[in-house]
Amino acid sequence: MAFSPITEESHVEYGFHRNLRKEYPEIVSAKGNYLYTSENRQIFDACGGAAVSCLGYGHERVIQAMYKQSLTGVTYLASSFWASPVVKDLCKELIQGTNGEMARVYLTGSGSEAMEAAIKLSRQFFYEKNKDTPRVNFIARENSYHGNTIGALSVSGFITRRQPYIPFLMDNVHHISSCYPYRQQEEGESDAAFVTRKATELDNKFRELGPETVIGFIAEPVVGAALGCVPYVPGYLKAMRDVCHKYGALFILDEVMCGSGRTGTLHAWQAEGIVPDIQTMAKGLGGGYQPIAAMLLSQKVVKTIMEGSGQFIHGLTYQAMPIQAAAALEVQRIIREENLLEKVTRRGTALGALLKKFLAEHPNVGDIRGGGLFWGIEFVKDKRTKQPFPPEVGISQKILELAISPQFNMTFYPGTGSVDGIQGDHIILAPPFNITNEDVDNIVTVVVAVIQLVFSEMAG
Ligand SMILES: Cc1ncc(COP(=O)(O)O)c(C=O)c1O
């Protein structure tokens, strides 16, 4: 059958990636911080897509690394038959990035797949030792997002994404509250007391379920899309880990969004001085150059598997592909060689300070939180009572639409549900790690202008 010639018809939308009723601007090229539309607009990407593009677009070194790997002819390999030097190098780079705290890497193609792997492997950890293990339950958190596949969505506490699929979701997942000081910390309650309250809630959940039935506790150290960059309170990760270990359960961290350097350390857990038993990472791993994610396993977990079956009862066709690894390895080498974590911390501190300077007093800005180059701004109708806008007002969407319009040409990552899973609006800023001071100023100028305009138009 002959292919049809290219006609105007080729521009008709046949894809179904998100909203069937909406038309999206077409991006035809990109370089550095900028996306270029088919209408010749230049758009500054201040959120790296979904906190993915940690080196910006079109980075010459990453493109060359992928090209070089393509020239070997080995873009794909069946990982159940073969090893690959570039995959080995990537795994070594990742383990070295944990200072040897983690022992092995399992590569997948997406964050959801990495979370599915973590869910299954953590069950297998107990099954290796006892085929009749009673450990079947997970404890996870409200206002969390761990992915859209059934297992990952089951552990997620993202109400709107879960709602239609509740009959399919795993009934062995039990949610406790998130760690969200802006809406949960009581007046006069110290951080230490707040952390103790959270650890007690986890402990109580273990006891309610029967500690011997719990596989592990799953959390994002800095909550991304579901809450808008809410970092853990210092001491929280350690306290939650201690509860897990008291009951012999696994402490599992999802660093798909907040990891790979986004918060200023390669892994968010490194700032707390603790080590998870299992962790995932994804977005900044490949920086958007290839779909790639990873599950990292601690010495303890690897030892148990080694002493048992020696294999993970799982597998995906597109895992550990050399072309994915070539891209991710180069992204990770650039982060290390160019000392970008130090830049993330410095630029991030400046970004946070400027956002607070210009927006903290705004009557509709409830909270500005984050760290590194990962900042969230939460909007409220009433600053004193923290009452959110009704969801139908669509504040975060309005802000994105104005930001992305020809007047401002910038993207922010919008989110909803930060109050109770349905109400609450926020935006996320997650620019590339190699932004300049001028870029930081530019982002702040636009964010402030957009927020002021959206709310003044609503008031007027
Ligand atoms: C914390 C977290 N976990 C898991 C996922 C799922 O990753 P993916 O969309 O690559 O499947 C996401 C995606 O946004 C995420 O933010």
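What you are looking at is a predicted structure, and each value in this text was computed from that prediction instead of being measured. Basis for what follows: all heavy atoms, side chains included, without hydrogens, waters or symmetry-related copies. As the structure lists them, so they are numbered: ligands from 1, and atoms in each ligand from 1.
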Quiz item: Tell me, which residues have any heavy atom less than 4.0 Å from some atom of ligand 1?
Solution: S110, G111, S112, Y145, H146, G147, E220, D254, V256, M257, K283
Self-check item: Test item: side-chain donor near acceptor, Q185 and D191, under 3.5 Å
Solution: yes
Quiz item: When the ring planes of H314 and Y106 are compared, do they come out parallel, tilted or perpendicular, using 30° and 60° as the limits?
Solution: tilted
Practice problem: Look at the rings of Y34 and Y36 and say which category their plane angle falls in: under 30° parallel, 30 to 60° tilted, over 60° perpendicular. | Solution: tilted
Show me the donor-acceptor pairs, under 3.5 Å and distance only, between side chains in residues 145-152 and residues at least two apart or in other chains.
unit_1: Y145; atom_1: OH; unit_2: N148; atom_2: N; d: 3.3
unit_1: Y145; atom_1: OH; unit_2: N148; atom_2: ND2; d: 3.1
unit_1: Y145; atom_1: OH; unit_2: R161; atom_2: NH1; d: 3.4
unit_1: H146; atom_1: ND1; unit_2: D254; atom_2: OD2; d: 2.7
unit_1: T149; atom_1: OG1; unit_2: E116; atom_2: OE2; d: 2.5

Exercise. Mind jotting down which residue pairs meet the salt bridge (Lys or Arg N to Asp or Glu O under 4.0 Å) criterion with at least one end in residues 83-95? Sequence neighbours excluded, please.
Key: E93-R336
Exercise answer: donor-acceptor pairs, residues 230-237 side-chain atoms, under 3.5 Å, sequence neighbours excluded:
unit_1: Y232; atom_1: OH; unit_2: E272; atom_2: N; d: 3.4
unit_1: Y236; atom_1: OH; unit_2: R141; atom_2: NH1; d: 2.9

